[in-house]
Amino acid sequence: MRATELLRLADQCVKCGLCLPHCPTYAQLANEGDSPRGRIALIQGWASGRLAMTPVLAGHLDRCLTCRACELACPSLVAFGRLMDGAKAARVEGLPPWRRSTRLARLRLLSQPRLTSLLTRITRWYGRLGLTRLADRVGASRLPGLGPLFRLAGVIPTTARTVPPSAPESPDLELFVGCMGGLAQGPAIAAARNLCEGLGLRVLVAAKSGCCGALFRHNGFPAEADARRAAWARD
């Protein structure tokens, strides 16, 4: 996304602050840079050339969950999700080609259901063997580069669950799992299915859930996301 388009979207924000109580990162950190209007101001400064993309600025943007809760509270109807995705894409475009290729390769690996299933099994054994506590004791979970991976390995067993496929006749609805749903939101998806079936609804869960492209769009690769979404729609 071009800088002019980023600025056009950001200029819709009047900085009223009505979004702040709805932002989970601002609620946790109480830092204006981690609020929706703060991030919009940072994007404005960067897109206009007044601010450099420093690690501190990038950290504020990367901590956004892109949950878009702020959009529901915004009286100016700021397209915050589109703005954040556009800023991420602009940042990725500014990376050296080898770094862009490396990031894209990692995302393609993560979008493979077989790999996510393998990650689930590995992290479960990681927890059962007590390696989570060991990583905390030796300080591995606080390392700048590897710390997030250690913490993620400790969380995945609680967020992952296999959602068995089902193909009832004349289904009332289809529950889309996607390439990451079972890994990141498995219990929530299973609960949604149980609720629907408890209400007497016939739920279709595809045996092979494709990638909708969200993983790529939120990480700065909109062209790849569009291709994935088109392929999933065809299937």
Side-chain angles (χ1 to χ4, degrees), residues 24-25 28 62-69 81 85 88 92 101-168 171 173-198 201-221 224-225 227-229 231-233 235:
T25 54
Q28 288 292 319
D62 290 341
R63 279 191 288 272
C64 177
L65 304 177
T66 323
C67 65
R68 298 170 60 186
D85 288 343
K88 176 72 78 171
V92 169
S101 299
T102 302
R103 287 192 180 189
L104 183 58
R106 288 203 302 261
L107 292 173
R108 285 173 175 169
L109 279 175
L110 284 173
S111 65
Q112 299 296 321
R114 289 183 179 179
L115 178 62
T116 56
S117 177
L118 177 62
L119 284 174
T120 301
R121 291 197 295 270
I122 291 174
T123 54
R124 282 175 179 166
W125 278 108
Y126 176 84
R128 289 172 184 173
L129 294 174
L131 298 179
T132 304
R133 294 188 297 273
L134 179 62
D136 288 336
R137 288 179 181 177
V138 302
S141 59
R142 294 186 292 275
L143 293 174
L146 298 177
L149 296 178
F150 282 107
R151 292 193 294 271
L152 188 61
V155 170
I156 285 178
T158 65
T159 63
R161 181 176 298 180
T162 300
V163 183
S166 61
L173 59 91
E174 179 177 359
L175 189 60
F176 179 72
V177 178
C179 60
M180 296 293 292
L183 180 68
Q185 298 177 309
I189 293 174
R193 179 179 182 171
N194 291 337
L195 175 62
C196 292
E197 291 178 345
L201 300 174
R202 295 180 295 273
V203 181
L204 170 64
V205 179
K208 293 184 179 180
S209 295
C211 176
C212 67
L215 181 66
F216 296 88
R217 190 173 306 282
H218 299 325
N219 283 279
F221 294 94
E224 181 82 12
R228 297 278 177 140
R229 182 175 181 179
W232 168 66
D235 295 340

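- G213 and A225 make their closest contact through O-CB, 3.2 Å (heavy atoms, listed as atom of the first residue, atom of the second, distance).
- Counting heavy atoms from C-beta outward, F216 and L104 have side chains that approach closer than 4.5 Å.
- A search for side chain to side chain donor-acceptor pair (under 3.5 Å) contacts involving S166 returns R193, not counting sequence neighbours.
- For the residue pair V163 and G186, the shortest heavy atom distance occurs at CG2-O, 4.5 Å.
- When side chains are defined from C-beta on, T159 does not count as touching Q185, because their heavy atoms never get closer than 4.5 Å.
- Among all heavy-atom pairs drawn from A206 and E174, the shortest one is CB-OE2, 4.3 Å.
- To the nearest 0.5 angstrom, R217 atom CZ is 13.0 Å from L107 atom CG.
- For the atom pair R228 CZ and C179 SG, the distance stands at 7.5 Å (nearest 0.5 Å).
- In this structure, CZ on R161 lies 12.0 Å from OG1 on T120, to the nearest 0.5 angstrom.
- For the pair L173/C196, a side-chain contact is recorded, criterion being any heavy-atom separation below 4.5 Å from C-beta on.
- For the side chain to side chain donor-acceptor pair (under 3.5 Å) test, no residue two or more places apart in sequence or in another chain qualifies with R103.
- The line from CG of L118 to CZ of R121 is 5.5 Å long, rounded to the nearest 0.5 Å.
- Interatomic distance, L65 CG to H218 NE2, rounded to the nearest 0.5 Å: 11.0 Å.
- The two residues T123 and P157 come nearest to each other via the heavy atoms O-CG, 3.5 Å.
- From N219, atom CG reaches atom OG1 of T66 across 9.0 Å, with rounding to the nearest 0.5 Å.
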